[in-house]
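Each remark here refers to the structure printed beneath this line.
What you see is a predicted model, and the numbers here were worked out from it, not measured in a lab.
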Amino acid sequence: MKNVLIYSVCEDFNSLEYAIENVEAGNNVYLIECDKKQENCQHNRLGSRLTCAYCYHSMCGVIKRCGLRNKTHFMRLSDIIEPEDEKTAEEVKVDFNNVQELKNLTHKGAQLGYGAFSSYCTFSRNVMPEITEEFKKYIRSLFKTEVMIYEALERLNKKIGFDLIIFHNGRFSQFKPFLEFARLHGINYIATEVAIRDGRWLRNDFYNDVPHSIKAIAQKVKKNWDEADPKKREAIGRSFYERRKKGLAAGDKVFVKDQHIGEMPEEWSDDVENISIFNSSEDEFCAVSKEYDSYLMFPNQFVALKTIFDHYKDDKTKHFYVRIHPNLKNVPFKSHLALHELKYDNVTIIPADSTISSYTLLDNSDKIIIFGSTMGVEAAYWGKPVIALSKYVYYELDLLYHPNTPDEIWPLIDNKNLPAKTNDNLIKYGYWLLHPDLPEPTKVPYKYVTDKVLGHPLMRPTIMKVFGSYKAHIIFKRLLDKAHIFTEFDNLPCTESYKGKE
């Protein structure tokens with residue numbers, strides 16, 4: 001019989017799936033439900049006490065309907081946090097003058113600064129915030145809550161002795177203490193995650209690893225291929241690339257639907273070497289862990305692009321085209337808007353909302369440079385040499401060129417005969433993105449539906465109900481999100497639009 005600790009938060013139904021499975025297996029399940037002690041989280045970014053209470057009671061209803069309330073050692077987060085944990089958190093010094101110092105904040109060796117900054121970036125999408133007092137106050141709130149949870153886990157583990165800890169994702173501040181505690185104390189853990197394919201929500205969970213692990217993802221890609229039907233898998237793998245190029249849904253949102261096939265930049269010339277750069281959103285990957293940061297050659301994409309353009313500013317034989325990702329269209333921050341300030345004679349910046357076709361650009365380019373965009377593997381599939389300036393699963397699959405230092409970039413860009421990399425992993429990766437062999441939830445029968453509320457499409461799980469209705473839950477949650485009642489913070493700091501060079 002194992003002692004299993006499960007941290008349950010709003011809409012993390014995979015954790016409840018594990019709770020039921022472990023109860024049925026005869027294990028001792030300690031189910032901790034998130035409550036007001038968490039304060040700020042992805043569902044309650046300003047720390048509204050009313051929103052927190054509503055989320056807590058909504059999830060308690062789900063837990064009750066799943067039959068878990070009386071079959072587990074059910075606790076609220078506030079039940080395990082003692083006054084001494086709060087005192088320790090208050091005494092912790094949380095001081096920093098830049099983003100790197102923020103990420104380097106630790107408690108007893110736990111990388112909690114990454115959790116705080118990762119949450120902030122996800123909430124705001126601002127990866128280059130000004131370090132104001134208001135920003136520091138917000139980060140301190142996140143960090144001190146992490147410390148309280150970590151201290152509580154340490155004491156609870158001494159009392160019970162956990163064999164397995166289960167939580168969602170591991171990147172955000174509300175989960176980071178669980179991940180770090182398990183790692184530092186040698187306790188097995190599962191980071192839950194979902195994959196959405198054809199409207200189905202699948203269990204894409206990671207045992208003793210996290211969803212951002214390039215090795216873990218590569219292993220899943222290979223395992224998924226090995227267990228697939230040999231007669232069907234190659235055609236499906238290739239169809240991923242073909243569907244994407246046609247602007248059809250292929251395991252992700254379609255970002256090119258407003259682009260015009262055949263449309264190219266006015267200054268395009270076949271008399272020079274044309275190199276297209278596809279950037280990507282940085283908010284998901286800018287604060288994962290120290291290990292993940294070690295994969296980055298540059299602190300951010302702006303610095304990377306400026307370094308390349310400065311190196312080639314006098315080179316008349318090359319022209320660079322930066323295709324800003326359409327996902328950044330409504331991001332008003334420096335990390336996005338400052339890209340338009342990169343003024344060079346041989347550089348063209350293509351705005352996020354431009355109708356210029358990414359695939360026409362790809363087809364006509366001599367080389368492609370990416371950071372983490374899927375366009376990198378797509379370009380490799382279509383026979384283009386691709387240089388990646390950060391490491392992702394492509395690194396493990398040997399699909400792209402991965403220089404380790406700036407000095408290793410220049411020979412790759414300068415080589416006019418640089419061959420495209422190609423191997424069977426391209427098809428395997430396409431198959432994984434389009435057809436992952438992952439289980440569907442069976443213990444907690446949830447599904448998400450999208451309804452319009454106050455003119456806005458909102459996606460909510462049907463298992464979350466108020467007055468017996470999931471639609472009433474959608475409306476009530478939307479009103480709470482808009483009302484900002486009894487909040488710890490009036491607004492997210494550093495979310496004013498970038499006005500230009502500083």
Side-chain angles (χ1 to χ4, degrees), residues 4-7 12 14-15 17-18 21 110-111 114-115 118 122 163-172 174-197 200-228 233 237 240 251-252 280-296 370-374 376-377 388 390-400 402 423-441:
V4 181
L5 173 65
I6 298 177
Y7 184 48
D12 178 19
N14 282 0
S15 289
E17 190 94 357
Y18 275 111
E21 289 174 353
Q111 297 177 27
Y114 277 88
S118 188
T122 298
D163 302 295
L164 178 66
I165 298 177
I166 300 172
F167 49 85
H168 179 65
N169 191 280
R171 179 167 67 89
F172 304 125
Q174 64 203 105
F175 312 117
K176 201 72 169 182
F178 292 87
L179 169 64
E180 291 296 296
F181 182 81
R183 280 180 167 173
L184 291 173
H185 289 77
I187 301 172
N188 291 326
Y189 64 91
I190 296 173
T192 69
E193 189 55 275
V194 296
I196 306 172
R197 296 295 185 274
R200 298 180 303 138
W201 289 63
L202 308 175
R203 298 173 61 179
N204 186 24
D205 304 326
F206 291 77
Y207 185 78
N208 284 342
D209 222 322
V210 291
H212 293 85
S213 166
I214 62 175
K215 288 184 179 179
I217 298 172
Q219 288 170 358
K220 287 198 173 197
V221 169
K222 293 174 181 177
K223 182 175 183 290
N224 190 63
W225 178 264
D226 291 342
E227 296 178 354
R233 61 189 184 185
F240 166 78
D252 196 3
S280 54
S281 304
E282 295 184 77
D283 43 285
E284 184 180 352
F285 299 96
C286 67
V288 176
S289 65
K290 278 190 176 181
E291 179 188 7
Y292 204 90
D293 276 2
S294 70
Y295 304 151
L296 304 176
I370 65 144
F371 293 90
S373 173
T374 307
V377 286
S390 63
K391 293 178 182 176
Y392 188 50
V393 64
Y394 322 133
Y395 177 74
E396 287 288 321
L397 300 176
D398 192 28
L399 302 176
L400 316 177
H402 286 88
N423 60 51
D424 291 343
N425 286 335
L426 275 170
I427 312 302
K428 295 177 183 179
Y429 190 59
Y431 183 76
W432 163 255
L433 292 175
L434 202 58
H435 202 279
D437 184 19
L438 297 169
E440 290 190 68

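Here the closest non-hydrogen pair linking A191 and P211 is CB-CD, 4.2 Å.
Proximity of H185 to I165: side-chain heavy atoms (C-beta onward) are nowhere separated by under 4.5 Å.
With sequence neighbours excluded, no residue forms a ring-ring contact (aromatic ring centres under 6.0 Å, His included) with Y114. In this view, S390 and L296, F371 satisfy the side-chain contact (heavy atoms from CB on, under 4.5 Å) rule, not counting sequence neighbours. Partners of F206 under the ring-ring contact (aromatic ring centres under 6.0 Å, His included) rule, at least two apart in sequence or in another chain, do not exist in this structure. Taking Y431 as the reference, W225, H435 meet the ring-ring contact (aromatic ring centres under 6.0 Å, His included) condition, with sequence neighbours excluded. Shown here are the side-chain hydrogen bond (donor to acceptor under 3.5 Å, both in side chains) partners of S118, two or more places apart in sequence or in another chain: R171. For Q219, there are no side-chain hydrogen bond (donor to acceptor under 3.5 Å, both in side chains) partners, not counting sequence neighbours.
A salt bridge does not link R183 with E291: every distance from a Lys NZ or Arg NE/NH1/NH2 to an Asp or Glu carboxylate oxygen is 4.0 Å or more.
Relative orientation of the Y7 and F178 rings is parallel, given thresholds of 30° and 60° on the angle between their planes.
Taking OH of Y189 as the start and CG of L179 as the end, the distance is 5.5 Å to the nearest 0.5 Å.
A centroid separation of less than 6.0 Å is found between the aromatic rings of Y292 and Y295. The aromatic ring centroids of F240 and Y429 lie 6.0 Å or more from each other.
More than 12 heavy atoms of other residues, nucleotides or ligands shown are found within 6.0 angstrom of CG on N423.
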